[in-house]
Amino acid sequence: MSIRQLPEHVVDKLKSSVTITTLNGVACGLLTNALDAGASKVNISIDYTRGNCTVEDDGSGISRDEFGVDGGLGKLHHTSRYPTRTSIHGKHGNFLASVATFSLLTVTSRHQNSLSHNSITIHNSNVLARNLPALPEQRLLNFDYGTKVVVRDLFGSMPVRVKQRLTVNDRSALEREWTKLMREMTALLLAWPTSVTLSLRNTTTQRELRFRPPESSDVTSRTSRLLIQASLADSGDAGSWVPVSASSGLVTIKGCICETPAATRRSQFISFGIIPVINEYGTDVIYEEINRIFHNSSFGVIEEDEKHLRNSPKLDGFTTRELRSRKSIEKWPMFYFKILTSTPSDVDIDRELAGQSQTWMAILDTLKAACYGFLRKYHFRPKKISLFPDESVFSTSTAAGRRKKPSQGRSTPSSASSSRANSVPRHVESGSQPRVNNPFDGWHRVKMGRATPVDIKSPKDDQMTTPETALISPLVGEGGKLLRKPFEEPEPEPKSVAQSPDPASTNSASLAESEKHIDKQPKTQRSKWLQDAIASWENPVFEAVEALIPKIRDTNEFPHQCKQSDGIAFDAHSMNVNGRVTRHALARATVISQVDRKYILVKLPLEGSELDDAASRKQTSALVMLDQHAVDERCRLEDLMVDYFTCDPFSGITNANVEVLERPLVFEVTSKEHELLEQHRDHFASWGILYHLPNQPKQPLNEYKVIATGLPPSILERCRQEPRLLIELLRKQVWHLTDSNISSTRPAHSQTSVSWVSRFHGCPQGILEMLHSRACRSAIMFNDPLAHDECSQLVARLSRCAFPFQCAHGRPSMAPLVDLGAGGRFGRWQERKISEDRAKWKTWVMESANSDEI
């Protein structure tokens with residue numbers, strides 16, 4: 001079969017599927033067309049269940065000629081915005097044609113200089129009707145002139161996409177799509193230079209959102225007003241926005257940052273000119289770098305009261321200082337940055353922001369510098385930031401300037417600048433000169449000091465060169481040969497030279513001999529009394545370090561084996577065990593003893609060893625050290641997780657255990673969080689957290705009540721002692737569900753054979769943290785003595801765990817020590833050569849005993 005070219009309509013359909021992906025994308029594309037037409041008012045209506053969208057604006061409109069047969073309206077690669085400019089969105093001329101490929105498209109418009117409405121209808125790239133003038137029912141409803149675009153049955157010709165609409169009928173799915181559309185519209189309005197009034201309506205849920213521009217046109221007023229209207233910021237934060245600007249070379253940053261942190265990253269916006277940079281999946285590098293700078297500061301830190309800390313139980317894993325200043329739920333910054341560059345209008349913005357150009361590095365550095373300056377100005381204690389060396393906005397000199405040699409006439413530092421400068425004699429300091437040909441002159445930000453002067457009272461000054469002459473001599477000669485040391489250090493004055501009867505006659509040869517004489521002198525040893533005092537003194541703060549365990553030296557002849565120099569080798573390997581330590585091997589473990597009241601020493605059989613055929617017939621084993629606290633913590637954690645759910649004997653459905661609170665816990669939340677908690681009530685009920693939200697009239701900020709009535713038994717006592725943990729759990733989880741596009745309901749398992757690992761999929765992070773904390777607090781601690789039977793029972797419990805090799809916090813619970821080899825027995829060494837090696841072994845033991853007695 002020959003290779004043929006695809007038909008033209010198939011190629012157009014493939015291209016259109018890349019441009020048009022979602023109904024939200026169609027609505028945003030139609031909004032950008034309205035903005036390019038100079039619209040100041042836009043009305044958008046959207047229906048997710050039917051795939052419909054209507055956009056009506058008061059822009060300049062489309063002329064009558066474009067609706068005719070010779071017009072370019074609705075045709076591929078036809079646009080009125082050519083040549084492209086940075087002040088408009090349209091550039092390719094393929095948006096309307098792509099929409100018409102997958103829907104029933106109707107465009108009605110009245111130009112501002114025309115008296116009639118005109119209309120065109122296109123279905124699957126085929127023109128159905130051209131109405132010049134338009135029918136009465138097709139005319140504009142809200143404006144005298146402008147454009148109205150109606151999209152019906154988007155992706156109706158694709159059965160897979162039609163089936164996908166059924167999933168959007170769910171309330172949570174509709175809310176996610178609406179929230180995403182609201183953020184995309186907000187981003188477009190923030191980036192647009194002029195004020196626009198936008199009305200957004202969801203016909204399925206009858207929700208409506210209105211964006212009205214503020215009276216002031218400054219960036220702080222526009223940003224705060226738009227975010228408040230989009231329910232992305234509270235009205236009380238309107239006065240907390242601060243303007244920010246920075247520039248570096250060809251990059252300029254303008255925007256604003258709110259001093260008040262937020263509980264979500266949805267209030268973060270960046271635009272490249274008028275084009276928004278959407279952080280849809282939370283993995284954009286620019287957003288991550290900005291959030292990292294704010295994370296490494298005190299932004300969003302809650303300073304706890306010292307009296308409250310003493311009265312409240314201490315959280316595991318946190319010091320008192322960390323508890324006194326810990327990050328709250330509201331830890332994310334709210335900001336808007338507009339990036340302006342001097343790049344040409346036809347530049348590929350996606351490539352510029354993909355980290356493959358110098359412009360991208362300059363943008364990243366400038367943003368980091370702007371955020372760092374904001375944090376320092378408002379005393380949020382930021383950590384130092386690292387910038388690209390060639391694009392540093394803080395650098396005051398270019399690379400060429402850094403390589404420039406220091407001038408000979410540089411003034412010496414004042415004595416007040418350093419304590420070491422005061423210790424140098426005045427006459428020596430005045431005679432010091434800067435170094436010439438310093439090998440580190442080309443380094444960036446290297447602290448340079450003066451050349452260390454030579455003492456003028458030294459007897460060798462008469463014969464040696466002056467400091468100035470030595471410093472001027474070249475460092476590297478021909479062929480790259482090093483002629484002198486980069487830095488000449490002063491030599492200590494030998495005592496023998498100082499006692500010479502004729503110091504003036506001392507030459508370099510005698511000086512060298514005196515240095516050799518000094519080197520041959522024995523070093524000063526500490527007195528026996530001092531050594532005895534140090535050995536017998538018991539430090540009340542730190543215990544003395546124990547002496548190292550003596551070991552047999554290794555040789556290259558027998559790698560990874562203990563061997564004495566006379567040829568004795570033992571079948572005891574190093575840490576590289578020849579096999580695998582598996583969970584099933586723990587059931588066959590032999591407990592040897594508890595070690596130091598902290599660890600349990602066991603002998604485990606190894607699986608899959610890579611020994612020779614003769615040795616592989618025997619079972620290999622290894623000595624393994626278990627952390628008794630980590631082992632018991634892992635066992636207790638899995639017991640808590642297994643008991644977290646119970647199976648209904650009648651329906652066979654697994655649900656979380658719930659214990660009703662005798663005294664309900666009451667909390668106050670914001671209006672937005674009250675709405676989110678109502679939306680995700682079923683999600684928390686599936687994890688055993690029951691609460692109800694009483695019907696209240698519209699309340700002021702932070703006065704909506706949440707009443708918790710039931711909790712799982714495993715976290716009930718902790719939440720009762722520290723109610724703050726429960727409300728933080730609820731708030732973190734609802735904002736996490738809002739930010740992420742994941743399902744908020746836990747699937748009900750009707751099979752009893754499903755493991756607890758599968759049931760805990762999607763568990764709120766706060767519940768897991770409290771389970772980990774409870775397992776850690778109640779586990780066996782260090783210095784707890786354990787009998788041999790208790791150690792055996794603990795190892796047996798560990799063998800039944802699903803994850804026996806790590807504790808609740810992810811740290812390893814065991815470490816292999818020695819591979820005993822094939823047939824190895826604990827407590828005895830195996831000699832390789834029975835006759836010869838045994839004699840050498842006995843001789844070595846006797847010599848060692850005699851040396852110890854001596």
Looking only at heavy atoms, the pair that brings Ser199 and Glu208 closest together is OG-OE2, 3.5 Å
Are Glu259 and Val242 close enough, and set up right, to give a side chain to side chain contact (heavy atoms under 4.5 Å, CB included), and what steps lead you there?
-> CA-CA 7 Å; Glu259 297 182 67; Val242 178; 3.5 Å; yes
Looking only at non-hydrogen atoms, find the nearest pair between Gly300 and Pro261 and report the distance.
-> CA-CG, 3.9 Å
Does Asp627 use its side chain to pair, donor to acceptor, with the backbone of Tyr599 at less than 3.5 Å?
-> no
Residues Arg292 and Glu288 bridged, charged N to O under 4.0 Å = no
Separation between OG1 of Thr646 and CG of Asp643, rounded to the nearest 0.5 Å | 9.5 Å
How about Gln268 and Tyr287: do any of their side-chain heavy atoms sit closer than 4.5 Å?
-> yes
Heavy-atom nearest pair, His629 first then Cys776, reads CE1-O, 3.5 Å
May I ask you to decide if Leu693's main-chain N or O and Glu678's side chain share a donor-acceptor pair within less than 3.5 Å?
-> no
Do Phe335 and Ile290 have side-chain heavy atoms sitting under 4.5 Å apart?
-> yes
Test salt bridge (charged side-chain N to carboxylate O under 4.0 Å, His left out) applied to Lys598 - qualifying residues, sequence neighbours left out = Asp596
When you look at Trp241 and Thr223, which way does the side chain to side chain contact (heavy atoms under 4.5 Å, CB included) test go after all the steps?
-> CA-CA 9 Å; Trp241 289 85; Thr223 303; 3.8 Å; yes
Residues that Ser271 engages under side chain to side chain contact (heavy atoms under 4.5 Å, CB included), provided they are two or more places apart = Ala191, Tyr336, Lys338
Any side-chain heavy atom of Tyr704 within less than 4.5 Å of one from Phe667?
-> no
Start with the C-alpha gap between Val602 and Val591, add the side-chain angles, then the distance that decides, and say whether side chain to side chain contact (heavy atoms under 4.5 Å, CB included) holds.
-> CA-CA 4 Å; Val602 299; Val591 177; 3.9 Å; yes
Stepwise side chain to side chain contact (heavy atoms under 4.5 Å, CB included) check, Leu771 with Leu637 = CA-CA 7 Å; Leu771 292 179; Leu637 175 63; 4.0 Å; yes
Output yes when Asp47 and Arg50 qualify as a salt bridge under the 4.0 Å nitrogen-oxygen rule, no when they do not.
-> yes
Could you tell me how the ring of Phe294 sits relative to the ring of Phe374: parallel (under 30°), tilted (30 to 60°) or perpendicular (over 60°)?
-> tilted
Side chains of Phe684 and Leu690: does their closest heavy-atom pair fall under 4.5 Å?
-> no
Intermediate values then yes/no, side-chain hydrogen bond (donor to acceptor under 3.5 Å, both in side chains), Gln206 and Arg201 | CA-CA 7 Å; Gln206 299 300 321; Arg201 184 171 180 267; 2.8 Å; yes
Shortest non-hydrogen separation from Ile228 to Ser235 and the atoms involved = CD1-CA, 3.7 Å
Is a donor on one side and an acceptor on the other found under 3.5 Å between the side chain of His772 and the backbone of His809?
-> no
side-chain hydrogen bond (donor to acceptor under 3.5 Å, both in side chains) assessment of Glu673 paired with Trp735 = CA-CA 8 Å; Glu673 291 174 344; Trp735 285 116; 3.1 Å; yes
When rounded to the nearest 0.5 angstrom, what distance separates CD in Glu769 from NZ in Lys732?
-> 5.5 Å
Qualifying residues under side chain to side chain contact (heavy atoms under 4.5 Å, CB included), relative to Met158, sequence neighbours excluded | Phe102, Phe155, Arg161
If we only count heavy atoms from C-beta on, is the Phe211 to Leu226 side-chain gap below 4.5 Å?
-> yes
Supply the atom-to-atom distance Ile689 CD1 to Leu726 CG, rounded to the nearest 0.5 angstrom.
-> 6.0 Å
To the nearest 0.5 Å, tell me how far Lys383 NZ sits from Ile385 CD1.
-> 13.5 Å
Check whether any side-chain N or O of Asp784 sits under 3.5 Å from a backbone N or O of Met781 as a donor-acceptor pair, and report yes or no.
-> yes
Option from Asn279, Ile278, Leu232, Val277 for which side chain to side chain contact (heavy atoms under 4.5 Å, CB included) with Phe269 holds = Leu232
Worked verdict on Asp789 versus Ser792 for side-chain hydrogen bond (donor to acceptor under 3.5 Å, both in side chains) = CA-CA 5 Å; Asp789 294 340; Ser792 301; 5.2 Å; no
With the side chain counted from C-beta on, respond yes when Arg774 and Arg718 share a heavy-atom pair under 4.5 Å apart, and no when they do not.
-> no
Check whether any side-chain N or O of Arg588 sits under 3.5 Å from a backbone N or O of Leu604 as a donor-acceptor pair, and report yes or no.
-> no
Listed pairs under 3.5 Å, donor-acceptor, residues 794-808 side chains, sequence neighbours left out:
from   : atom 1 : to     : atom 2 : distance (Å)
Arg797 : NH1    : Asp632 : OD1    : 3.3
Ser799 : OG     : Ala796 : O      : 2.5
Arg800 : NH1    : Ala796 : O      : 3.4

Is the backbone N or O of Arg183 less than 3.5 Å from a side-chain atom of Arg266, with the two atoms forming a donor-acceptor pair by type?
-> no
Could you tell me which non-hydrogen atom of Cys53 sits nearest to which non-hydrogen atom of Leu23, and how far apart they are?
-> CB-CD1, 4.0 Å
Donor-acceptor pair, side chain of Thr260 and main chain of Asp237, under 3.5 angstrom = no
Quick one: OG on Ser813 to CE on Met625, what's the gap to the nearest 0.5 Å?
-> 13.5 Å
Sequence-distant partners of Glu659, side chain to side chain contact (heavy atoms under 4.5 Å, CB included), two or more places apart | Pro713, Leu716
For the student: nearest non-hydrogen atoms of Leu661 and Ala708, plus distance | CD1-O, 3.5 Å
Heavy atoms from other residues, nucleotides or ligands near CZ of Arg583 exceed 12 (cutoff 6.0 Å) | yes
Report yes if the side chains of Cys719 and Met770 come closer than 4.5 Å at any heavy-atom pair, otherwise no.
-> yes
Would you please name every residue forming a side chain to side chain contact (heavy atoms under 4.5 Å, CB included) with Asn24, sequence neighbours left out?
-> Thr22, Ile46, Tyr48, Glu177, Lys180, Leu181, Glu184
May I ask you to decide if Trp687's main-chain N or O and Tyr644's side chain share a donor-acceptor pair within less than 3.5 Å?
-> yes
Lys368 vs Leu364 side-chain heavy atoms within contact, under 4.5 Å | yes
Hey, what do you get for CG (Leu367) to CZ (Phe337), rounding to the nearest 0.5 Å?
-> 6.0 Å
Among Gln765, His680, His683, side-chain hydrogen bond (donor to acceptor under 3.5 Å, both in side chains) partner for Gln733 | His683
Salt bridge or not for Glu633 and Arg777, using N-O below 4.0 Å?
-> no
